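We count residues from 1, following the sequence as given. Source: prediction; values computed, not measured.
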Amino acid sequence: DFQISTDVYNGDPHSPEHLINTGFYYVRSNNQTIRMFESWYGRRDNSSKKEQDVLLEMSRGGVLTSELGVRTRYLDTAWFSGFCSDIKDVGQVVTVHANCCRSIIAKVKDLKVVIGDWKRWKMLAAHWKATGRRRAIPFRWTGHFGCWNSWNNHNVTTQ
C-alpha cells in the first residue's frame, strides 16, 4: 500500500524501526491509505512537529499497520540513496535524495555536485565497457559539503 524512503536502512523492508524520509514515497490509493493520509495530516495540523516526524511516530507506534492496516515497505538506501548514507554501488542507485540538509541552498548546491558525479561515473562506465574490463569501476561520491556545513550555520533559511 505504501512505500517510503529511509535515511538509514536496517535490512528489514517491513520494520517500522527505520528512520523514514518523506522525500520519496509511493502510495496505492485504497481505503487504508486514504485513512492514513487523513490521520497523518490531521495529527500534523494539531502538532508543532513536521509532517515527517508525525509519520515517524505513527509508523513506530503501530498506527500504520495495526490501527489502519496499511501494508508498508521501507525502501533500501541501496536504490534510493541520500546524503545521510552514500551508496557505494552507484550503478544500483535509482534516486538521490538531498536529505540531511538544513537549507534549500545547500540541497541545490550538493545536488549539482551529484549530477557531476553521475556524469563522471557514466564516463568511467563507458570506458570500462569499451575496454572490456570486467572488474568494478572505482568510484567515490564527492562529499556533500553544502549539506554538512548547513548544520554549522544557524542563520540558514530552512525552507
Side-chain angles (χ1 to χ4, degrees), residues 1-30 32-34 36-37 40-41 50-60 64-65 70-159:
D1 298 322
F2 182 60
Q3 298 181 50
I4 187 164
S5 60
T6 59
D7 284 339
V8 180
Y9 185 70
N10 72 12
D12 179 354
H14 303 290
S15 169
E17 295 305 312
H18 285 94
L19 184 58
I20 63 167
N21 190 299
T22 56
F24 180 86
Y25 52 85
Y26 171 81
V27 183
R28 178 182 303 163
S29 181
N30 58 33
Q32 292 86 348
T33 58
I34 290 169
M36 177 191 74
F37 274 95
W40 179 13
Y41 281 78
K50 298 182 303 184
E51 71 177 55
Q52 181 170 302
D53 296 332
V54 171
L55 185 62
L56 179 63
E57 283 181 356
M58 291 173 65
S59 174
R60 290 189 172 168
L64 299 183
T65 54
V70 176
R71 293 172 297 168
T72 304
R73 180 177 183 160
Y74 302 88
L75 299 173
D76 191 336
T77 54
W79 299 289
F80 298 90
S81 182
F83 291 173
C84 294
S85 57
D86 282 330
I87 302 311
K88 304 267 185 263
D89 189 354
V90 67
Q92 295 298 312
V93 173
V94 176
T95 68
V96 176
H97 181 58
N99 53 359
C100 297
C101 290
R102 192 162 179 222
S103 73
I104 292 295
I105 293 167
K107 288 180 181 197
V108 170
K109 177 181 178 181
D110 284 351
L111 283 170
K112 287 179 180 179
V113 173
V114 166
I115 292 169
D117 284 347
W118 175 253
K119 289 177 181 178
R120 182 171 46 93
W121 183 82
K122 293 295 281 181
M123 287 177 26
L124 285 169
H127 176 73
W128 172 75
K129 186 176 182 181
T131 60
R133 294 170 55 195
R134 298 286 181 215
R135 63 179 199 197
I137 301 168
F139 179 84
R140 176 170 286 178
W141 293 101
T142 303
H144 311 295
F145 300 111
C147 288
W148 296 336
N149 291 335
S150 72
W151 291 98
N152 297 328
N153 186 349
H154 300 291
N155 296 320
V156 172
T157 303
T158 56
Q159 296 298 318

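Residue T65 holds its OG1 atom at 10.5 Å from CE of M58, rounded to the nearest 0.5 Å. To the nearest 0.5 Å, the span separating NE2 on H18 from OG1 on T72 amounts to 11.5 Å. For the atom pair CG of D1 and OG of S29, the computed distance is 10.0 Å after rounding to the nearest 0.5 Å. With rounding to the nearest 0.5 angstrom, the OG atom of S15 is 13.5 Å from the CZ atom of R73.
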TODO: Show your reasoning for whether side chain to side chain contact (heavy atoms under 4.5 Å, CB included) applies to Y74 and E17.
DONE: CA-CA 10 Å; Y74 302 88; E17 295 305 312; over 6 Å; no
Task: Audit row: L55, L64, side chain to side chain contact (heavy atoms under 4.5 Å, CB included) steps and yes/no - done: CA-CA 9 Å; L55 185 62; L64 299 183; 4.0 Å; yes
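No side-chain donor-acceptor contact under 3.5 Å links S59 to the backbone of L56. Formation of a donor-acceptor pair under 3.5 Å by the S5 side chain with backbone atoms of F24 is found in this model. In this structure, the side chain of H97 does not engage the main chain of F83 through any donor-acceptor pair within 3.5 Å. Listed for the T77 side chain is no donor-acceptor partner under 3.5 Å among the backbone atoms of V8. Under a 3.5 Å cut-off, the side chain of Q52 and the backbone N or O of T22 do form a donor-acceptor pair.
With sequence neighbours excluded, no residue satisfies salt bridge (Lys or Arg N to Asp or Glu O under 4.0 Å) with D76. Every residue two or more places apart in sequence or in another chain that forms a ring pair (Phe, Tyr, Trp, His ring centres under 6.0 Å) with W40 is listed here: Y25, F37. Every residue two or more places apart in sequence or in another chain that forms a salt bridge (Lys or Arg N to Asp or Glu O under 4.0 Å) with R120 is listed here: D117.
Heavy-atom minimum distance, P16 versus R60: O-CG, 3.2 Å. Residues D12 and N10 approach most closely at N-OD1, 2.9 Å, considering heavy atoms. Shortest non-hydrogen contact noted between K107 and A98 is CE-O, 3.1 Å. Residues A106 and G146 come closest through the heavy atom pair CB-O, 3.2 Å.
Under the 4.5 Å side-chain criterion, counting only non-hydrogen atoms from C-beta, R71 is not in contact with Q32. Using a 4.5 Å cut-off on side-chain heavy atoms (C-beta onward), W118 and V96 make no contact. For the pair I104 and V108, the minimum side-chain heavy-atom distance is below 4.5 Å.
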